[in-house]
Every structure is written in C-alpha cells, then in structure tokens.
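We name chains A, B, ... by the order of the sequence lines, and we start the count at 1 in each one.
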2 protein chains.
Amino acid sequence: MKKLTLEEVGKLAGVSRATVSRVVNGYPHIRPEIRERVQRVIDETGYRPNLLARSLASDRSNIIGLVIPSGAQAVFTDPYFPCLTQGIARGVNTNNLTLALFMVHSEQEEERTILSILGTGLVDGLIVTSDNKGDVFIPELLKHDMPFVQIGRSLYSNQVYRVDTDNVTGSYLATKHLLSLGYQRIATIATNRNCSGDDRFTGYANAFAEYGRTIDRRLVAYGDYGLESGYHAMRQLIPQRPDAVFVTSDTMALGALRALQEAQLRVPDDIAIVGYDDLPPAVQANPQLTTIRQPIEQTGFLAVATLVKILSGEPPESHEIVLPVELVVRASCGAVRMNAVETAGQTVSYPVNP
Amino acid sequence: MKKLTLEEVGKLAGVSRATVSRVVNGYPHIRPEIRERVQRVIDETGYRPNLLARSLASDRSNIIGLVIPSGAQAVFTDPYFPCLTQGIARGVNTNNLTLALFMVHSEQEEERTILSILGTGLVDGLIVTSDNKGDVFIPELLKHDMPFVQIGRSLYSNQVYRVDTDNVTGSYLATKHLLSLGYQRIATIATNRNCSGDDRFTGYANAFAEYGRTIDRRLVAYGDYGLESGYHAMRQLIPQRPDAVFVTSDTMALGALRALQEAQLRVPDDIAIVGYDDLPPAVQANPQLTTIRQPIEQTGFLAVATLVKILSGEPPESHEIVLPVELVVRASCGAVRMNAVETAGQTVSYPVNP
DNA sequence: CTTTTATTTGAGAGCGCTCTCAATTAGAAA
DNA sequence: TTTCTAATTGAGAGCGCTCTCAAATAAAAG
C-alpha cells in the first residue's frame with residue numbers, strides 16, 4: 001500500500017488535483033458525473049488525505065488538546081478524570097477532531113508542555129482542567145491568545161470561556177439536607193487550593209446562613225481531594241464531636257469513613273456523612289454515600305462543543321456554562337434508616353431547580 | 001505575536017533558512033559564532049518551529065496514538081486505564097512525543113477511527129490496549145503495516161510487539177496462596193472474553209495441578225471485570241459452598257464482597273477472598289483485599305519505549321516484555337487474622353521470582 | 001603560494017494539500 | 001445563432017519545514 005496523493009488520484013480519474021480535493025471535501029459545483037468518477041477511484045484505491053499536509057495548507061489542524069496539569073494527582077484514585085475524558089472524547093469524535101492529551105507530571109514539564117503547545121500550530125485549541133489557584137497555564141494561554149475552554153473555575157474566570165458544574169448549589173443542597181434532618185454540629189471537610197473547593201465552601205456557608213446558623217470554624221477541616229487527606233481531616237474533626245459531616249468529595253469521604261470506623265463511630269447512627277461527586281466509590285462504600293451528583297461526562301462534552309464554536313468564529317454569547325447538580329440520598333446521611341444492603345440500587349434523588 | 005518562520009529568523013540573523021534549521025535541530029558543522037547569533041535571535045523572538053510543517057517535510061509526526069477500544073467500558077469504574085495512561089504519558093513526555101488519544105465508544109466509531117488513523121500520516125505509531133478476543137483493530141493495523149505495540153495479549157501475539165504483566169504467574173501465586181492456607185473449595189471468578197482472563201485462569205489451573213487437585217467446574221463463574229458482574233458471579237457461586245474464592249479483578253472482588261455480605265458470610269472467617277490488580281479499591285475494601293499487584297504504569301511506560309525503538313528502526317530483539325507481579329497479603333485471605341483497620345497501611349508482599 | 005581536502009553555508013526542490021483566480025464550458029437570454 | 005452569465009475545472013502559488021547538493025570558504029598539505 002504505497003502512498004497515494006491527490007495528484008495521483010486525479011491522474012487516475014483524469015481530472016486535476018483541485019477537482020479531487022473538491023470531491024474529497026464535498027464542495028458543490030462539480031458535475032455529478034465527474035464527482036462519481038472521482039469518488040469511485042477514491043473508493044477503489046482507498047485514498048486517504050494526508051492530514052498533516054491538509055493542516056499545513058489550511059492552517060487548521062483539527063486537533064484539540066486536553067491539558068491535565070500536575071496538580072491533578074488524583075488522576076489515579078479518582079474516576080473524575082476518566083469520566084471527563086470520556087465526555088471530551090465523545091465530543092471530539094462527534095466533531096471529527098483528534099484529541100491530543102497533555103498530562104503534566106511536574107512543574108518543569110509544565111513549562112516544556114506550554115512551549116511545545118504554543119506557537120507550534122499543532123492544536124487549534126485547548127481544554128484545560130486547571131482548577132488550581134496558583135496555576136500558570138491560563139495566563140500563558142491568554143497571553144498567546146490560544147483559544148481554550150476551561151473546565152471548572154479559575155481566578156481568570158471573567159476573561160475565559162468555561163464549563164462548570166454548580167458547586168455552590170451542590171454544597172448548599174448537601175448541607176441543607178443535613179440541616180433539615182436536624183443535625184446540630186455539621187462539620188465539613190473542604191479544600192482550599194482550588195476554586196471548586198471555594199465554591200463548595202460557599203454553598204455550605206449559604207445553607208448555614210439560610211438557617212440562621214453561624215459556622216463554627218473548629219468544625220471545618222481541609223483536605224486535597226485525596227483519600228488520605230479525608231482520613232486525616234476526619235481524625236482532626238472527631239474530637240469536636242460533630243454529629244454530621246459534609247465531605248466535599250466522595251474519595252475524601254471514603255477516607256473519612258475509615259477514620260470514623262477506627263474511632264468506633266457508626267454511620268449514620270453516631271454521625272451522618274454526605275459526600276460529593278457520585279462516582280462509583282459512593283455506591284461501593286459501606287454504608288452507601290448520600291452525595292451530590294454532577295454531570296461530569298456532559299461537562300466534557302459541552303466543553304468541546306464550546307471550543308468548536310469558538311474556533312468556528314462564532315463564540316457563544318455567554319462566557320460560562322454552569323450545569324445543574326442533584327442530591328442523591330442514600331444511607332450515609334441517616335435520612336433513610338436502613339441497612340445499606342437493603343437500599344442498594346434504590347436511589348432517591350431531588351432534582352435541582354436552578 | 002505574529003507568526004514567525006524559519007525564513008524570517010534567518011533574515012534577522014543574517015543567515016539562510018537552512019542554517020537556522022540546523023541550529024534549531026542541533027546539527028554539527030556550524031561556526032559557533034553563527035550558531036550563537038542565530039540562537040540569540042531565536043530566544044529573543046521566541047520562535048517555535050511549526051510542527052505540522054516539520055512533520056510534513058520529514059514524514060514523521062512525532063505523534064503516537066493510544067487506542068482504547070469500545071470493549072473497554074470499565075474505563076469508568078476501574079483505575080486501570082488512568083494508571084496505564086499515566087505511564088504512557090510519562091513515556092511520551094520523556095521521548096518528546098505528543099500523545100493522541102483515541103477512545104472509541106461504538107463499533108461504528110471504531111471503523112471510523114481506524115480509517116482516520118490509517119494512511120493519514122497523523123501518527124507515527126500506536127499503542128493499542130485491545131484485550132478483546134474478537135477485536136478487529138489488530139488485523140487491520142497489521143494489514144496496513146502501521147507500527148504498534150500492544151498492551152496485553154491477543155490472538156495475534158506472535159506477529160506483534162507487546163508488553164504485558166505476568167497474568168499466569170499472578171493467578172498462580174494467588175491460588176497457591178489459598179491452597180497453601182489449606183482451603184479446600186477454592187472457587188474463581190474468571191472472565192472469558194479476553195486474553196488476560198484466559199491467562200489468569202491458566203494460572204489458577206496451574207496451581208491446582210501443582211497441588212494435584214482437579215478443578216471443580218461448578219466452582220468457576222464468569223464476569224466481565226465490572227463490579228456488577230462480580231456480584232452476580234458470586235451469588236452464583238455461594239450455593240456451591242466455596243471456602244475461598246480467587247476473583248480475577250479487584251473491582252469484581254468488590255462486587256463479590258457485597259454478595260457475601262448480603263449472604264451474611266464473613267470474610268475471611270466464612271470465606272476467604274483474593275483479588276487481582278491492587279488498585280485503590282483493594283485498600284478501600286473492608287476487609288482489605290489480598291491481591292496481586294501488577295506494575296501498570298510501568299507497562300505503559302515500557303510500551304512507549306518499545307514503540308520508540310521500533311520507530312527508530314532498531315526493533316527490540318524480543319517481541320514481548322512480560323513484567324513480574326507480586327502477591328500482596330492483606331486481611332481478606334485469612335492469612336492475617338486481624339481487623340482490617342489494624343492492618344491498614346501494613347503490607348506483606350512476596351516478591352515474585354520469574 | 002598553489003593545490004587539495006574538509007567545513008560551513010545557501011539555493012532550491014519538494015512534502016501533499018488548500019485556495020484563489022483565471023480559463024473553459026455549459027446554459028440562459030436575446 | 002449570438003451574447004451574456006453562471007457553473008465547472010485547472011493552473012499555480014503558497015503553507016513552513018527538511019534535506020540534498022553544490023557553492024563558498026577555511027584549513028591543511030605540498
């Protein structure tokens with residue numbers, strides 16, 4: 001199978017390179033008879049256009065990049081990124097693009113990656129998952145005006161197109177749920193290095209405000225979305241005797257659960273717990289976690305759609321898309337006083353009205 | 001920041017395009033004085049070569065593709081792919097390549113993807129994760145002689161470069177461990193749609209053979225690596241009253257655990273269980289899983305290294321790299337009769353000698 | 001100082017495609 | 001039929017880089 005070019009296909013069909021190009025790209029204004037003849041040659045020879053040559057000539061690679069910065073080490077433990085990537089991949093396939101994956105492991109790799117992306121013409125645009133406050137990626141992209149869509153939120157949100165889930169409302173719902181259940185000492189395990197963490201704390205605070213309660217700072221501990229950090233944060237909270245805890249990620253909730261188990265505290269009898277994400281671990285946990293479900297895959301899909309719009313020159317009116325989330329009630333919050341096993345598969349969910 | 005070309009940099013430095021190209025690519029035979037002058041211009045202007053143009057001219061894109069076929073739906077629940085991808089990403093970064101991710105969701109997308117990859121010059125080579133017996137990808141690649149490395153095993157293993165972990169030995173170790181612990185009715189939850197599943201069953205059989213035992217077919221159930229399938233397989237096995245079960249993936253083991261719990265069977269007192277993979281779920285489980293640890297990330301890294309060798313024209317002597325695995329003993333097998341909590345973080349492991 | 005040889009540079013031909021523009025052909029109008 | 005317009009096709013100039021080959025320069029040898 002030697003290399004076929006437009007030129008050769010043209011020769012075979014008795015037309016010029018330009019005409020073949022038109023057929024390949026579905027242009028109008030071609031005599032049906034010619035089009036057919038060319039198409040036949042293409043089918044018979046199995047000709048495929050060289051994407052690199054096409055990209056070079058058209059100044060459009062149809063490759064978009066997905067950047068996962070070094071901060072996101074949770075890539076291993078957390079199904080979040082796989083889910084997101086899945087959605088992005090679906091978007092990419094739908095739009096006939098190619099996805100380039102840039103996973104950065106260290107700060108210096110970060111620098112190298114930025115350079116290799118910017119100004120090399122390789123990607124038309126980017127999807128960036130940076131949720132880290134101290135991130136250098138975004139400003140760099142802005143400076144080189146590389147088209148991109150951010151997943152999550154950043155300090156530069158106003159100048160940026162972004163897709164996010166409604167973290168504030170999510171946490172608000174989770175916390176309100178605990179409040180409405182009558183819990184008195186509702187702790188939280190938050191994070192403070194990223195924007196989604198801030199938002200989730202805001203939701204927690206909002207619910208407290210609505211109930212005329214004030215936040216007891218001793219009932220606030222911090223983690224980094226990792227399992228271990230949830231464990232340690234929970235150990236830190238236990239002496240404060242909370243009767244409920246809102247953990248801002250399921251993975252951390254799993255860690256917290258272990259800490260509680262160690263402390264011989266029963267969930268939800270001694271202490272209720274609500275997570276965030278509704279990823280598989282939430283169901284695998286014992287008891288199953290009441291948690292906030294967010295449409296992660298859809299987030300990825302919409303990010304691609306948004307980027308495509310931007311690249312096509314007709315950027316979306318709004319700079320942000322914020323997707324609704326919902327509360328999924330399972331056993332861990334004590335609303336349903338049953339054995340986890342019995343409630344397996346059964347899920348009560350309160351849809352959100354935005 | 002307008003577009004800089006070799007030509008312009010050359011003009012600025014008072015040399016020809018060719019000379020600049022030589023500097024950029026680190027060729028010898030350049031007067032140090034000139035090299036310096038050119039380099040200075042490059043630094044000052046921030047020139048970056050256009051990768052597409054380079055690829056077109058050199059017939060080498062330095063992009064390699066990672067193909068995750070539609071069969072691998074476990075992408076969500078299983079940290080396997082994230083881990084593997086991490087390793088591949090590291091390899092890619094190390095070798096100054098770019099990674100293109102092809103995630104296929106349906107059979108028809110599969111077809112489309114193959115076409116868009118083959119003969120378009122976009123990727124220099126591929127890493128394929130197909131472990132599915134009925135896969136069409138491999139033969140297609142072979143036909144178009146696209147360089148690739150397979151992760152896992154396939155029906156075409158002899159004609160293919162591949163990197164794999166030692167599934168046979170892994171299962172052998174797991175099963176032998178249970179046998180040596182004196183269990184009498186050792187069941188297994190296997191899989192039968194993929195090659196790694198076959199290998200794992202072989203290891204199970206090998207251990208039985210070594211102990212002069214024969215396999216009771218009623219103690220063999222099948223799953224598909226998914227959590228639910230483990231649950232159902234276990235339910236199917238329970239009536240056969242096994243006193244131990246070797247589950248060929250941690251994820252399925254989690255499902256099995258739930259089935260056992262439902263049946264009021266205590267682990268490991270009533271029934272011992274050993275998993276496979278040693279991914280985070282193994283530690284999160286209660287009791288923590290005795291399991292087989294395999295170097296997944298390294299698998300990905302080595303796959304890239306192998307592919308790079310192939311592309312450089314000096315293919316590795318051996319067609320396969322099989323990485324060693326090890327048994328990690330935790331609470332679920334009954335070898336360590338302790339509360340899972342007490343053994344948390346403590347891990348006894350028997351290194352494998354291949 | 002000339003001749004030979006090795007080093008260093010530049011010119012130029014592609015890589016395979018897109019896209020503009022002009023030429024050709026067909027169709028409509030006169 | 002002739003004229004004008006619109007539809008259809010081809011020629012050719014790039015896109016920015018690599019790479020061969022020959023020219024130019026410098027160094028070594030005679």
Could you pull out all residues at least two apart from Glu320(A) that satisfy salt bridge (Lys or Arg N to Asp or Glu O under 4.0 Å)? Arg162(A)
Anything under 3.5 Å between a protein N or O and an N or O of nucleotides 22-27 of chain D, put it in a table, one pair a line.
none

Counting just side-chain N and O atoms, does Tyr27(B) come under 4.0 Å of either OP1 or OP2 of dT20(D)? no
Answer yes or no: does a side-chain N or O of His29(A) lie under 4.0 Å from OP1 or OP2 of dA7(D)? no
Distance check needed: [N] [atom2] versus [X] [atom1], whole Å only.
X: Leu122(B); N: dC15(C); atom1: CG; atom2: C1'; answer: 16 Å
X: Ile30(B); N: dT9(C); atom1: CD1; atom2: P; answer: 7 Å
X: Lys11(A); N: dG10(D); atom1: NZ; atom2: P; answer: 14 Å
X: Asp59(A); N: dG16(C); atom1: CG; atom2: C1'; answer: 16 Å
X: Asp124(B); N: dC15(C); atom1: CG; atom2: P; answer: 18 Å
X: Glu33(A); N: dA7(D); atom1: CD; atom2: P; answer: 19 Å
X: Arg60(B); N: dC17(D); atom1: CZ; atom2: P; answer: 19 Å

Rounding to the nearest 10°, end axes of the helix from dC1(C)-dG30(D) to dA30(C)-dT1(D) built from five pairs each make an angle of 40°
Distance-only polar pair, side chains of Ser106(B) and Glu110(B), donor-acceptor under 3.5 Å: no
Taking atom types as modelled, is there a side-chain donor on Asn96(A) or Arg112(B) under 3.5 Å from an acceptor on the other? yes
Tell me if a side-chain donor or acceptor on [X] pairs with a main-chain N or O of [Y] at a distance below 3.5 Å.
X: Thr129(A); Y: Val67(A); answer: yes
X: Thr19(A); Y: Val15(A); answer: no
X: Asn62(A); Y: Leu97(A); answer: no

With [X] via side chain to side chain donor-acceptor pair (under 3.5 Å) - residues at least two apart:
X: Glu7(B); result: Arg17(B)
X: Gln294(A); result: Thr165(A), Asp277(A)
X: Thr94(B); result: none
X: Asn95(A); result: none

Classify Leu6(B) by what it touches in the nucleic acid, base, sugar-phosphate, or nothing, heavy-atom distance under 4.0 Å. base
Interface with DNA chain C, restricted to residues 15-25 of chain A and to heavy atoms under 4.0 Å: Arg17(A), Ala18(A), Ser21(A), Arg22(A), Asn25(A)
Note: contacts of residues 48-58 of chain B with DNA chain C (heavy atom, under 4.0 Å) are Leu56(B), Ala57(B)
Using the ring of Tyr27(A) (Phe, Tyr or Trp, six-membered ring only), decide whether Arg22(A) places NZ or CZ under 6.0 Å from its centre and within 45 degrees of its axis. no
For Tyr161(B), ring pair (Phe, Tyr, Trp, His ring centres under 6.0 Å) partners two or more places apart: His319(B)
Gln159(B): side-chain contact (heavy atoms from CB on, under 4.5 Å) partners, not counting sequence neighbours: Leu142(B), Tyr156(B)
Residue list, side-chain contact (heavy atoms from CB on, under 4.5 Å) with Ala89(A), at least two apart or on another chain: Met103(B), His105(B)
